[in-house]
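Working notes, beginning with the structure itself.
In this text the structure is predicted, and so the values were computed from the model without any measurement.
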Amino acid sequence: MSIFRFLDNIPTVFFTIIWIGLLGAITLGAPYISIEDIKILITIKDNELVSNFSEFFNPHLIFLNIASKLTNFFGFNNYFLFRLPNFIYLGLLIFVSYKIIKLKFYDLNYLMPLTAVMLSGTILISMITIDGSLISGLVTLLIFYYLLKIFDDENFYNVFFFILFSLIALILNNFYFVILITFLIFIKLFNLKLEKKKRLNLISYLSFIYISFLVFLIIQGINKTDYYSILNFDPNILLKKLSKSVIFLLPLLSLLIISIFYNGIKRINWNKELIIFLFSIILCWFIFIFSNKLNISILIFLLPIMSIYIFRTLEFVELKWSKIVLVTLFFIPAGIIYFDTSLYHSTSEIPQINYIFYLMIILVSLINPVFSLQEKSLTTVYKTISFSLILVVFFTSVFFYSQYKNKTLSPVIYDTLKNDLNCDIKKSEFILEENYPLDLMLFFSDKVKPDYFSDCQIEFKFSSLDTMPIEDSDSINKTILDMTTKSFININFNKL
């Protein structure tokens, strides 16, 4: 029995449970690598999280404040607890995706599309950050869902929730949803059979969103130019966003190309609903590429729409030669290897164990449906993709945790003070120069100008690996992995 036939006999729910468990482990174990995340955590620590009107009513910041109070109340010293709201957002994202399936494609087997939403780079990235991209994408999906319901049934509750979530999106500074609903409402208005009353109602809803949009801009500061410079046409930035969108949307992006071929050229399942989904995908992808910010929330909204479109289009299609597009899945191990090698200045610095890891994820990536010459259903194809992706993410997580955890700033400082300088961290004072990693203030801000008498005064100096370490017999040099710059740097400890 081939591995492809073996995977076909495994229930879809098995892959779902394994992936959720893997997401949980990564969420609680991965360090914060985003500068924006570290800045948010520092503001939480300094009780300066809310500074304007939008932030006061921001539901994501409210959740973070609750997490902060619970952390202080129970005495937890773990910043990873601030990621727990992401599981609530993810659960709601899956639930709303299920509701959209039942609303528009009630006979579609929903389990595999919902699993496909979670098994993506976008969800993985958004789960380990706290920047609010996941809740922003969720709110956009809710707006999309209630707008579809309004098209079918214009009752009070549908209109109320559509307006409510539109206002929440504005509070979250998610202004791009305005383009999406404008597009969808205009398509509906072009329907000549639409009755006059409903046509006027749709125009009034859209007008209210526009007025609210302008009001929010004025309240938050009309001179904030980043709200107005919506588009960006810099070729270098566009290319970076294009490459990131490919990585983040895999493996669904590969299947989307196949779906467009069957839906657009072969006219498989060619209907109005799927065409609206396809146009929404294309529009949002262009918004992501040309927007002036790297807005991951757009991709989060895209995932359920893409998944539903793909599994509805290819529901009864047997894939054979079209599976050649799945070679794009090799971008995943290539991206991981590129990221790891970019931490080092030259290939000679890369440890030998890293090459064993590279070989391992390449081998598990060979579990790819493209190597099967038989016709396969979409469900069988995606089970194979899921199995390979889970293995790649599992081996990558284990490798990065074991290889780099003890080389980051916090463990190195704790170990050096205890074993090399014989200092008690609780009675130490840190003296810093200007160029220090941002996460140092996150974990050790109370050691800089402390409110207690210190037994040890430690002077820190940071420099790149291009410069020579400080040669002082009374000081200690260490090399750490700076998570903010994603590179190794020198750190000098000098006990005064």
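Here the side chain of Gln403 pairs no donor or acceptor atom with the backbone of Phe399 at under 3.5 angstrom. Checking side-chain atoms of Thr408 against main-chain N and O of Ser410 turns up no donor-acceptor pair under 3.5 Å. No donor-acceptor pair under 3.5 Å is formed between the side chain of Asn58 and the backbone N or O of Leu172. Without hydrogens or angle criteria, Ser245 side chain to Leu242 main chain gives a donor-acceptor distance under 3.5 Å. Side chain of Lys495 to backbone of Leu421: a donor-acceptor contact under 3.5 angstrom is found. A donor-acceptor contact shorter than 3.5 Å is absent between the side chain of Thr416 and the backbone of Ile413.
Thr115 and Thr16 form a side-chain donor-acceptor contact under 3.5 Å, judged by distance and modelled atom types alone. In this model, no donor atom of one side chain and acceptor atom of the other lie less than 3.5 Å apart for Lys461 and Ser475. There is a side-chain donor-acceptor pair under 3.5 Å between Asp340 and Asn354. For the residue pair Thr328/Ser254, the side-chain donor-acceptor check at 3.5 Å is satisfied. For the residue pair Ser348/Ser346, the side-chain donor-acceptor check at 3.5 Å is satisfied. A donor atom on one side chain and an acceptor atom on the other are not found under 3.5 Å apart for Thr122 and Ser120. Side chain to side chain, Ser377 and Thr380 meet the donor-acceptor criterion of an N or O pair below 3.5 Å. Between the side chains of Asn368 and Ser388, not a single donor N or O lies within less than 3.5 Å of an accepting N or O.
Here Tyr344 pairs with Phe488 under the ring-ring contact (aromatic ring centres under 6.0 Å, His included) rule; sequence neighbours left out. The side-chain hydrogen bond (donor to acceptor under 3.5 Å, both in side chains) check on Gln457 picks up Glu429, with sequence neighbours excluded.
Atom CG of Leu314 sits about 8.5 Å away from atom CZ of Phe311, to the nearest 0.5 Å. Distance CD1/Ile130 to OH/Tyr32: 4.5 Å, rounded to 0.5 Å. Expressed to the nearest 0.5 Å, how far CG of Leu90 lies from CZ of Phe95 amounts to 14.0 Å.
Residues Leu64 and Ile44 have side chains in contact (heavy-atom distance under 4.5 Å, counting atoms from C-beta outward). Looking only at side-chain heavy atoms (C-beta outward), Leu249 and Leu303 come within less than 4.5 Å of each other. Contact of the Tyr98 side chain with the Val117 side chain is not registered, since no non-hydrogen atoms from C-beta on lie closer than 4.5 Å. Counting heavy atoms from C-beta on, the side chains of Pro369 and Ile385 come closer than 4.5 Å. Between Thr396 and Phe357, the closest side-chain pair of non-hydrogen atoms falls below 4.5 Å. With contacts defined as side-chain heavy-atom distances shorter than 4.5 Å, the pair Ile458/Ile431 does not qualify. For the pair Phe87 and Met127, the minimum side-chain heavy-atom distance is below 4.5 Å. Using a 4.5 Å cut-off on side-chain heavy atoms (C-beta onward), Leu250 and Leu329 make contact.
Minimum interatomic distance between His60 and Ile135 (heavy atoms only, all atoms of both residues): CB-CG2, 3.9 Å. For the residue pair Leu343 and Lys486, the shortest heavy atom distance occurs at CD2-O, 3.1 Å. Residue Pro351 comes nearest to Tyr355 through the heavy atom pair O-CD1, 3.6 Å, listed as atom of the first residue, atom of the second, then distance. In this structure, Asn86 and Ser126 approach most closely via the heavy-atom pair ND2-O, 3.4 Å. For the residue pair Leu366 and Phe371, the shortest heavy atom distance occurs at O-CD1, 3.2 Å. Contact between Pro113 and Ser307 at its shortest, heavy atoms only, is O-OG, 2.6 Å.
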Chi angles and distances behind the side chain to side chain contact (heavy atoms under 4.5 Å, CB included) call for Leu23, Ile123: CA-CA 9 Å; Leu23 278 180; Ile123 293 298; 4.1 Å; yes
Quick one: do Trp19 and Ser386 satisfy side chain to side chain contact (heavy atoms under 4.5 Å, CB included)? Show the steps, please. CA-CA 9 Å; Trp19 181 252; Ser386 301; over 6 Å; no
Decide yes or no on side chain to side chain contact (heavy atoms under 4.5 Å, CB included) for Thr479 and Ile489, but give the supporting numbers first. CA-CA 6 Å; Thr479 299; Ile489 61 173; over 6 Å; no
Given side chain to side chain donor-acceptor pair (under 3.5 Å), test Lys241 with Ser291 step by step and report yes or no. CA-CA 10 Å; Lys241 283 193 173 184; Ser291 63; 3.2 Å; yes
In sequence, state the C-alpha distance, the side-chain angles, and the governing distance for Asp482 and Leu409, and then conclude on side chain to side chain contact (heavy atoms under 4.5 Å, CB included). CA-CA 7 Å; Asp482 181 12; Leu409 178 71; over 6 Å; no
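In this structure, Tyr414 has its ring center under 6.0 Å from that of Phe444. For Phe144 and Phe277, the gap between ring centers is short of 6.0 Å. Between Tyr436 and Phe462, the distance from one ring center to the other does not fall under 6.0 angstrom. The ring of Phe15 has its center no closer than 6.0 angstrom to the ring center of Tyr382.
Using a cut-off of 4.0 Å between Lys/Arg side-chain N and Asp/Glu carboxylate O, Lys418 and Asp424 are scored as not salt-bridged.
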